[in-house]
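Below: the structure, in C-alpha cells.
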Amino acid sequence: MSDWRISEEQLLELNVFLQRVDDVEIHNCLTRTAQETKLFPIMPYLMMCFFDAYYRFPTLIREAAAVVSPEEMGHRAREATCNLSKLTAWGTLNFYLNGRTTLLKMGLLRPQDNLEDLWFMCDWWRRFSSAYHRNGGHTWTLDAWDIAQEHDERTLQVLEADAFEADEALRAAAARFVATGTQYSFLVHCESRVGLSSSGPYRLSDRHLLHTRDFMNLSECDFSWLDGVAADVTYNNLTLSIVTEDVAIEITDWGTAYAFPEAYQDRIVGVGLYTSDFLTDRYVPVGMGSRAELTRTLEELTAQLLDATRRLYRRFAEMSFDQLLEAGIYTYFQAAADISHMAGTYRQQDWEMIDVRGRRFWPIFNEEYALDAYVDHFVAMRGEQAAQNDYYLHPVSYGVWRRSGRQGPLPQPGRNANFVPAHVLIDHDYPLRALPNGRADFSGTSSLPPKTGGYTFACGRLTEDELNERARAFRSPLLEAPWRYIDEQWVKWNYEDPEVNALYRYAQEHSRLLKGRGSALVRKDIDAIRRAAGERPWSEVTVASRVGGGGAAARADTDARARADASANANADAGARADADARANADARADAGANADADGVVADGG
C-alpha cells in the first residue's frame, strides 16, 4: 500500500493546473470543428472511454514510467512520428480527468478520492509535454496562438533542403494523398481524428511556410480490426512535409491543421515524405530519390489506402452495435498505448477490453443520453454538481458571451476543474489509488475478435513479444548525454562545438542534400546547396513560376482531373459505405433497443 501524501505546494500547483486544463478544453470545445457519422456511435464511445481511462490509465502509465521517464518519452515523441503526440497526450490526460468529472457529477466520487492517481496523471503529462514542447516553450498550443513548433533546427533543415519543388503532378499527388489519408485515418479510428497530427508552421521566407502532417496507424497495428484489412499498406506511420506560399497555418492542441485559405492545395510549392515510429530516432525518407519517384510513391500509397478503405468498410459492416461501440472505446483508450510501447510493457489484452467498472454504465449511455451528458458536462457545464457556487463565471464561456455582443443570459456558473479541497492536508480520509493492487485489479471482457496480425514498423512487421523486446533494447545517442541536452539555445551560442557538429551530422545521415554538412549551416547555405543541386531556394519559388506549371490552364486541367479522381473514388466507395451504414444501423437498433438511435450523432470526440 502507498503512503503517499500531498504537500500544500503540490496541492496549490495541482488546482492551478486543473483550471488551466479546464480552460483549454472548454475553449477547444467551443471553437472546434464537428462531424456527423451514421456508422459509429461516437458520443456513447466517447463518454464510455472516460471510465476505462479513469480506472486503468494510472496503473498502465505508472508501470511504463518505472521503465522510461516522461521526459525521455517527450524527447522520443519529438524526434519521430509515433502515436504519442500532442493530441494523444491531451487525450491521455483529459479522458482521465473527464472520467473523474463524470463520476463526480454522478455522485460516485469525491474530489479528493484517488488523489495519488490524480497527482500522478497530471504530473506525468506536465513532464512529458515540457520535454515534447521544449523548443516552443508552450505546453499548450493555445498559449502559442495555435502554432506548434516542436521540431529541432537540425530536423527542419533537412526537411527544408530535401523537399522537392512541386510540379503539377507532384502537387496533385500530394493533395490526393492528404485527402485519401485523412478519410482513411478517420475510418480506421472510428470516425475520429486521433490518428492525425501536425506540427508547425515554420518560416522559410517572407511568403513561405513549412508544416508537417502525420498519419498514424495506417497498416496492421494495435487495432484488431485492421488485421488482414491493412496488410498491404506498406507503412504504418507517414509524415508529409509541405511547403506553401501565401498560406496561413494554425495548429490546435488536438494536432489539427487549419489552412487559410482553406482550399490551399494549389498553393503547395514543395513536398517531402518520411516514415518513423517509436523504434526509430529520425525520419526515414520514403520515395525521396527524385521528384518523379516521390510522385509515383504518393500515388501508390493513395491506391493502397483506397483499397484498405473499401476493405475496412466491409469489416465494420459485419460488426454489431456493441462491437462498433467497443472499437470506438479502444480507439480513444489506446491514445496512451505508445507509453507502454516505448517502455516495452505492452500487452494487447490490456488495451482491448472493457473494464467491469465501466461496463456497468453500458445501458445508460445510449446515443441520446451520451450526447446530452457530454454537452451538459463539458460544454454548457449545467447542473448543481457542475456549479462552483452561485457567483462563479467560467473565464472562457464568459469571455465568449462578452465578445459576442453580450447577447442572451450570462453563462451558468459551471466548472470542470473540480479542485481538490485543501482539507486533505489535515484529513486523510480518502483512497489514494482507484486500483490499489495495480493490474491484479483489472477485470473486463471484449466482444471483438482477438488480434491475430502483427505490428508494423519501419523495421518490418513484429509480434507482440518482438516489439516489446525491441522497445526494451532501444537506444539512441539523441536520448543520452550529451546530445540529449544540446537544445536550440545551446546550439545558438555553441554551433562550432564538436559534439554539436556530430549531432547535426547524425541528423543529416539520411538527407539527400545535407549529408555530412554539420552544424554551421544557416539559410543562405541551404539556398546555395539547393542551387548547386539544380533546385531553387524556396524564396525564389512561386505558384506562378512552379516548374512544369503550364500556367492557369494547366492548373485548372490538373484540378479538374483531381476532382474527377475524387468523384470516381467516391462513387467506387458509395456502395460499400451504403452497405456499411445500413447494416451497422440495423445492428445498432437491434442491440441497443428503442433508446439508442443509430441513425446519426453530431460531434467528433477528437
Side-chain angles (χ1 to χ4, degrees), residues 1-23 25 47-66 70 91-128 333 336 339 355-361 364 373 376-378 381 383-389 392 394 413-444:
M1 296 294 290
S2 172
D3 59 357
W4 179 87
R5 289 289 182 265
I6 194 168
S7 68
E8 184 172 11
E9 179 184 0
Q10 290 173 321
L11 178 66
L12 295 173
E13 178 185 341
L14 176 60
N15 283 338
V16 169
F17 179 76
L18 291 174
Q19 183 59 53
R20 186 59 189 143
V21 175
D22 184 13
D23 294 343
E25 178 177 28
M47 292 296 295
M48 291 291 291
C49 91
F50 295 162
F51 301 119
D52 272 70
Y54 180 78
Y55 287 113
R56 293 197 287 132
F57 271 180
T59 294
L60 291 168
I61 298 174
R62 191 177 279 118
E63 178 187 35
T92 297
L93 174 65
N94 278 271
F95 296 161
Y96 170 83
L97 292 178
N98 288 351
R100 174 176 178 259
T101 294
T102 304
L103 291 167
L104 279 166
K105 292 181 178 181
M106 297 174 82
L108 300 175
L109 201 67
R110 301 174 301 169
Q112 64 268 37
D113 286 342
N114 306 317
L115 184 54
E116 185 183 9
D117 281 351
L118 176 62
W119 169 262
F120 171 79
M121 289 296 296
C122 294
D123 184 62
W124 186 94
W125 183 93
R126 179 184 56 79
R127 293 169 61 189
F128 166 85
F333 186 72
I339 300 173
D355 192 276
V356 292
R357 300 161 188 82
R359 183 78 73 174
R360 60 183 167 162
F361 301 111
I364 303 175
D376 276 7
H377 289 351
F378 305 111
M381 297 175 286
E384 290 185 3
Q385 296 282 63
Q388 175 69 18
N389 54 48
Y392 182 75
H394 194 284
R415 187 182 212 167
N416 286 325
N418 293 299
F419 286 0
V420 176
H423 205 259
V424 299
L425 297 172
I426 58 174
D427 179 2
H428 303 296
D429 181 22
Y430 52 85
L432 293 175
R433 301 183 180 186
L435 304 180
N437 300 308
R439 291 188 69 256
D441 289 334
F442 283 10
S443 179

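Leu97 places none of its side-chain heavy atoms less than 4.5 Å from the side chain of Trp125. Counting only heavy atoms from C-beta outward, the side chains of Cys122 and Leu18 approach each other to under 4.5 Å. Contact check for Glu8 versus Leu12: side-chain heavy atoms found under the 4.5 Å cut-off. Residues Asn416 and Lys105 form a side-chain contact, since some pair of their non-hydrogen atoms from C-beta on lies under 4.5 Å apart. For the pair Leu14/Trp119, a side-chain contact is recorded, criterion being any heavy-atom separation below 4.5 Å from C-beta on.
The nearest pair of heavy atoms linking Leu118 to Tyr96 is N-OH, 3.3 Å. When all heavy atoms are compared, the tightest approach of Pro111 to Val420 is O-CG2, 3.9 Å. In this structure, Arg62 and Glu116 approach most closely via the heavy-atom pair NH2-O, 4.2 Å. Pairing each heavy atom of Asn389 with each of Pro413, the nearest pair is O-CB, 3.2 Å. Nearest heavy atoms, Asp113 versus Tyr54: O-OH, 3.9 Å. Nearest heavy-atom pair across Leu104 and Arg110 is CD2-C, 3.3 Å.
For an aromatic pair to be called close, the ring centres must be under 6.0 Å apart, and Tyr55 with Phe442 fails this. Here the two rings, on Trp4 and Phe120, have centers that are 6.0 Å apart or farther.
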Inset, instruction - Go through the steps to decide whether Asp355 and Phe333 satisfy the test side chain to side chain contact (heavy atoms under 4.5 Å, CB included), and finish with yes or no. - result: CA-CA 11 Å; Asp355 192 276; Phe333 186 72; over 6 Å; no
Inset, instruction - Kindly indicate, with the supporting measurements, whether the criterion ring-ring contact (aromatic ring centres under 6.0 Å, His included) is fulfilled by Phe57 and Phe95. - result: CA-CA 9 Å; Phe57 271 180; Phe95 296 161; 7.3 Å; no
Inset, instruction - Would you sort out whether Gln112 and Asp427 count as a side chain to side chain donor-acceptor pair (under 3.5 Å), showing the intermediate values? - result: CA-CA 10 Å; Gln112 64 268 37; Asp427 179 2; over 6 Å; no
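Ring-plane geometry between Phe128 and Trp124 is classed as parallel, the angle between the planes falling under 30 degrees on a 0 to 90 degree scale with a further cut at 60.
Under 3.5 Å, the side chains of Asn418 and Thr101 contain a donor-acceptor pair of N or O atoms. Gln19 and Asp23 share a donor-acceptor pair across their side chains, judged by distance under 3.5 Å alone. Between the side chains of Asp441 and Asn437, at least one donor-acceptor pair of N or O atoms lies under 3.5 Å.
In this structure, CZ in Arg100 is found 12.0 Å from CE in Met121, a value given to the nearest 0.5 Å. Distance check: Asp22 CG to His394 NE2 gives 3.5 Å after rounding to the nearest 0.5 Å. The distance from the CG atom of Asp123 to the CG atom of Leu93 is 11.0 Å, given to the nearest 0.5 Å. Between the CZ atom of Arg5 and the CG atom of Leu425 there is a distance of 11.0 Å, given to the nearest 0.5 Å. The structure places CG of Leu115 at 10.0 Å from NE2 of His428, a figure rounded to the nearest 0.5 Å. Taken to the nearest 0.5 Å, the CE atom of Met47 stands 4.0 Å off from the OG1 atom of Thr102.
The main-chain N or O of Arg357 is found under 3.5 Å from a side-chain atom of Arg360 such that the two form a donor-acceptor pair. Within the 3.5 Å criterion, the main-chain N or O of Ala434 finds a donor-acceptor partner in the side chain of Asp117.
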